[in-house]
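Everything below concerns the one structure shown next.
In this chain, residues are counted from 1 in sequence order.
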Amino acid sequence: MLAVLYIGVAAFIVLANITQLPAMIALIVKSAFGIEQVAGGTLGAALMNGVKRGLFSNEAGMGSAPNAAATADTSHPVKQGLIQAFGVLTDTLVICTSTAMIILLSGVYKGSDLGGIELTQAALSVHMGSWASGFLAVMVFLFAFSTLIGNYYYGETNIEFIKSSKVWLWVYRICVITMVIFGAVAKVQLVWDLADLFMGLMVVVNLIAILMLSKVTFEALKDYKKQKAEGRDPIFTRDRIHIPGEVECWGSEAEVMGKKV
């Protein structure tokens, strides 16, 4: 709901400044791929910063979102995979582009030392009035709080999966509270640097898991496409593809057919 509201505000601002849209798009392309940027060596830095902020935005490839996706009730895992891919599109391309448009159409970035949320607040105030700054602060707080609760849930469920121990859970909870307090009082740049470091470590670990599971993933995707081509609603069973090891989450063909009968 918050995301839809934010996108709606951005859409209103774009429509209200529709005549400036071509110039804004030209500015984005020129700034990202201009000759001066290439010659100055800033193109690589811009791309690197984009990758880091993109990871922070949608966590694609980090292995955190599958914690939530795994709890979904779906007839085929590829269905949930497509939903997760759509989430990346919405989160990064739509919401982050909305923020960029709000800032660029306001002009507050010119000759300003503001950055991060302060820059977005100033830009929104130009378009909507001074009340918009407080409105955005409330929205960001709700976004951050829901993200904090979600990530805490990921960690707790993983600990319980590895070892069901109240001691380890309480250690984890103390660590979470400590890091929240640290993040609130530490310098912003230090928080960003630590976030980039830990996200990078998560990506390295998760990419290894992705490579190991890639064969099973592509087989599941092939099975999904085959059933769609046959005009069926794809239903997954563990014996439709070769999955090494014991599978607990999906029933066999016979079990599924037995339930239907």
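Connection of Leu197 to Leu207 is not established within any shared hydrophobic cluster, with ILVMFWY side chains joined at heavy-atom distances below 4.5 Å, either directly or through further cluster members. Leu201 and Ile210 are members of different hydrophobic clusters when ILVMFWY side chains are connected at heavy-atom separations under 4.5 Å. Under the 4.5 Å side-chain contact rule for hydrophobic residues, Val185 and Leu194 do not share a cluster. In the hydrophobic cluster analysis, where Ile, Leu, Val, Met, Phe, Trp and Tyr join through side-chain heavy atoms closer than 4.5 angstrom, Leu5 is grouped together with Val14. Following chains of ILVMFWY side-chain contacts shorter than 4.5 Å, one can reach Leu136 starting from Trp131, so the two form part of one hydrophobic cluster.
In this structure, CD1 on Ile159 lies 15.0 Å from NZ on Lys166, to the nearest 0.5 angstrom. Remark: Thr217 OG1 to Lys215 NZ distance equals 12.0 Å, nearest 0.5 Å. Expressed to the nearest 0.5 Å, how far OG of Ser133 lies from CD of Glu118 amounts to 9.0 Å. We find the CG-OG1 distance between Leu104 and Thr99 to be 10.5 Å, quoted to the nearest 0.5 Å. Rounding to the nearest 0.5 angstrom, the gap separating the CD atom in Gln80 from the CZ atom in Phe236 is 14.0 Å. Atom OH of Tyr153 and atom CG of Asn67 lie 7.5 Å apart (nearest 0.5 Å).
Heavy atoms only, all atoms of each residue included: Pro234 and Ser75 are closest at O-OG, 3.0 Å. Pro22 and Thr19 make their closest contact through CD-O, 3.6 Å (heavy atoms, listed as atom of the first residue, atom of the second, distance).
Checked against Asp233 for a side chain to side chain donor-acceptor pair (under 3.5 Å), the options Lys79, Lys228, His76 give a single hit: Lys79.
Side-chain contact check for Trp168 versus Ile162: every heavy-atom pair is 4.5 Å or farther apart. Counting heavy atoms from C-beta outward, Leu124 and Val9 have side chains that approach closer than 4.5 Å. Residues His127 and Phe12 have side chains not in contact (no heavy-atom distance under 4.5 Å, counting atoms from C-beta outward). A heavy-atom distance below 4.5 Å is found between the side chains of Tyr6 and Ile102. Here the side chains of Tyr172 and Tyr152 are in contact, with some heavy-atom distance below 4.5 Å.
A distance-only check finds a donor-acceptor pair linking the side chain of Asn17 to the backbone of Ile13 [under 3.5 Å]. Side-chain atoms of Glu156 never come within 3.5 Å of backbone atoms of Leu169 as a donor-acceptor pair (strictly under, hydrogens ignored). For the pair Ser146 (side chain) and Phe143 (backbone), a donor-acceptor distance under 3.5 Å is present. Without hydrogens or angle criteria, Ser106 side chain to Ile103 main chain gives a donor-acceptor distance under 3.5 Å. Proximity of a side-chain donor or acceptor of Asp223 to a complementary backbone N or O of Glu219 within less than 3.5 Å is not detected.
The existence of a salt bridge linking Lys187 and Asp193 is excluded, since no basic side-chain nitrogen approaches an acidic carboxylate oxygen closer than 4.0 Å.
Around atom CH2 of Trp170, no more than 12 heavy atoms belonging to other residues, nucleotides or ligands sit under 6.0 Å away.
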